[in-house]
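Every number for a ligand or one of its atoms is a count from 1 in the order of the listing. Predicted model, so just to flag it, every value in this text is computed and none were measured. One is the number of the first residue; the rest follow in order along the sequence.
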Amino acid sequence: MTLRFPDGFTWGTATASYQIEGAVAEDGRSPSIWDTFSHLPGRILDGTTGDRACDHYHRVDEDVALMAELGLPAYRFSVAWPRVIPTGSGAVNQAGLDFYSRLVDTLLGDGVKPLLTLYHWDLPQALQDAGGWTNRDTSARFAEYAAAVGAALGDRVTTFTTFNEPWCSAYLGYGSGHHAPGEADPSSALTAVHHLNLGHGLAASALRGVLPSSGQVSITLNLAYVQAASERPEDVRAAEHVDAVANRAFLDPILRGEYPAQLLEDLRHVTDWSFVHDGDLAAISQPLDVLGINYYTPTMVRASTEAERAGWTARWSDDVFGALGGAPYPGTDLAVQVPQDGPVTAMGWLIAPETFTALLERVHRDYPGVPIVITENGAAFGDELGADGVVHDADRIAYLRGHVAAVHDAIERGVDVRGYYAWSLMDNFEWAFGLSRRFGIVHVDYDSLVRTPKDSFHWYRGVIAANGLD
Ligand code: FCB
């Protein structure tokens, strides 16, 4: 079946600084929380770090040439805060900014439109030493950093995204400890949620002050499509609760200027919310030009029992990977994730493209008026280079095809989706899973650093050229 996308629909690929750059101690970059965390024993599944990753820092030209070969209209990358303001506050490190300035020029030279993310999780370690996202001051430091990048690149970059997936930063970074900085304290996680939201609002205002009037401000959320495991009222309630924790804790303050009453009420046993000050919600709910959505897989939950809740806290701290299966839903102890039957990726994530359409329709219905861009979607599979030196990743092509079609369905049902970015341009450092999970449409050999386009690369080139699926 042929599916054509609207004229002007933007096709892209996405990456993130710590996942691809390497060169962690070059040109004045200081450590981020991910440098510290990835070097702690037992935190990364395969014991690898992002010290070298794809060495993109030294291979920008080669990587942009790959984009040109792909016929890529747009590229989403992130700026490493510790390159630009190494200790998180104070003077700008020109050499750090220059790296991104050159990247932008190289992209534009090849006709690739840059989409810039200011924060894809690499907080300067110096700020973490002062409390990180549990410290309100970090939000103000983030706005200063946003203004510095906006002032330097706003003449060439149209869209600035404040945060990538604040859900992960808050709940995995401070709640479950699976991500840097590795803290496991539910009340810290909720404090971080609010300071990330505040950081978004302050940065959005700061960006408006330095960007040309055509500049666009965005945030990328990893929204969950949450289903209840049964029709039992407590499970339905658990699904609503997780929706509030995972989605509405960000969507509502940003787009409606309020936290959902149910969220505030449900989590009173964790926090008194005193970190929300007068005026914060007005500061957070700045006009948004684009809402970025990352989507991979749906979620099913049931209500937790009291006995389960009693046994959880200790497990969080000492068995990070064991806890992945049995821990409460990150950010709340009132729900438990329930495995679903069906095909999965190498992450164990269920493949269910129809839930993507449903999620997009829900966002459009409940938060109308903001154009949506899919800033990440993709899949890890057990790729191997074949005897012919190529990765024949039919499974990835099927995944992408299904999800691109799901976006098309959403558009046909009236959802205003303007673009789609595949995760990822190339294999890279997949956070707590290290180099062991490959999401790229380009294969990276981590010894030789040779890049080899996979079958999915050639397939995606066809999608871009046709502006749709044939
Ligand atoms: C998202 C992250 C991205 C990548 C994909 C697989 O949560 O934003 O960096 O790790 O998942």
Side-chain angles (χ1 to χ4, degrees), residues 12-22 32-35 37-38 43-46 48-50 53-54 56 75-81 115-123 161-173 175-176 178-180 196 200 218-225 246-247 250 291-299 324 329-331 337 344-351 356 359 373-383 393 395-396 399-400 403 420-442 444 456:
T13 61
T15 64
S17 46
Y18 187 71
Q19 296 184 274
I20 63 167
E21 286 179 1
S32 76
I33 54 174
W34 272 95
D35 296 278
F37 185 78
S38 66
R43 296 307 187 117
I44 307 300
L45 187 63
D46 60 359
T48 57
T49 72
C54 307
H56 168 74
Y75 173 60
R76 173 177 182 252
F77 66 96
S78 79
V79 172
W81 187 349
L115 169 56
L116 186 153
T117 302
L118 286 159
Y119 187 85
H120 202 124
W121 308 351
D122 36 9
L123 183 73
T161 303
T162 55
F163 290 108
N164 175 72
E165 303 191 353
W167 180 91
C168 292
S169 294
Y171 296 125
L172 300 182
S176 74
H178 294 108
H179 279 188
L196 286 154
H200 163 77
S218 172
I219 186 169
T220 280
L221 303 176
N222 53 320
L223 297 178
Y225 184 74
N247 299 329
F250 303 99
L291 174 64
I293 295 180
N294 293 352
Y295 192 77
Y296 291 90
T297 189
T299 302
L324 271 177
Y329 196 90
Q337 217 161 336
V344 295
T345 70
M347 300 296 281
W349 296 348
L350 185 76
I351 303 172
F356 194 10
L359 171 80
V373 167
I374 309 307
T375 39
E376 284 180 31
N377 172 247
F381 288 105
D383 299 336
D393 55 342
D395 36 18
R396 180 170 294 102
Y399 178 97
L400 293 171
H403 286 76
Y420 173 95
Y421 290 69
W423 183 271
S424 176
L425 173 69
M426 56 187 157
D427 294 337
N428 57 49
F429 180 79
E430 178 48 35
W431 308 113
F433 293 87
L435 299 175
S436 71
R437 297 290 187 278
R438 295 177 176 275
F439 276 89
I441 59 171
V442 173
V444 176
S456 53

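A donor-acceptor pair under 3.5 Å is formed between the side chain of S424 and the backbone N or O of A14. With hydrogens and angles ignored, the 3.5 Å screen pairs no side-chain donor or acceptor of N428 with any backbone N or O of I20.
Every residue two or more places apart in sequence or in another chain that forms a salt bridge (charged side-chain N to carboxylate O under 4.0 Å, His left out) with E376 is listed here: R76.
The shortest side-chain heavy-atom distance between W81 and L123 falls under the 4.5 Å cut-off.
Looking only at atom types and distance, the side chain of Y18 has a donor-acceptor partner in the side chain of S38 under 3.5 Å away. There is no side-chain donor-acceptor pair under 3.5 Å between Y421 and N294.
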Write 'none' if nothing qualifies; otherwise put on separate lines each N/O atom of ligand 1 with a protein N/O atom under 3.5 Å away and their distance to 0.1 Å.
| residue | atom | partner | partner atom | Å |
| --- | --- | --- | --- | --- |
| ligand 1 | 7 (O) | E165 | OE1 | 2.5 |
| ligand 1 | 7 (O) | E165 | OE2 | 3.0 |
| ligand 1 | 8 (O) | H120 | NE2 | 3.2 |
| ligand 1 | 8 (O) | N164 | ND2 | 2.9 |
| ligand 1 | 8 (O) | E165 | OE1 | 3.4 |
| ligand 1 | 8 (O) | E165 | OE2 | 3.3 |
| ligand 1 | 8 (O) | E376 | OE1 | 3.2 |
| ligand 1 | 8 (O) | E376 | OE2 | 3.0 |
| ligand 1 | 9 (O) | Q19 | OE1 | 2.7 |
| ligand 1 | 9 (O) | H120 | NE2 | 2.8 |
| ligand 1 | 9 (O) | W431 | NE1 | 2.9 |
| ligand 1 | 10 (O) | Q19 | NE2 | 3.4 |
| ligand 1 | 10 (O) | E430 | OE1 | 2.7 |
| ligand 1 | 10 (O) | E430 | OE2 | 3.1 |
| ligand 1 | 10 (O) | W431 | NE1 | 2.9 |

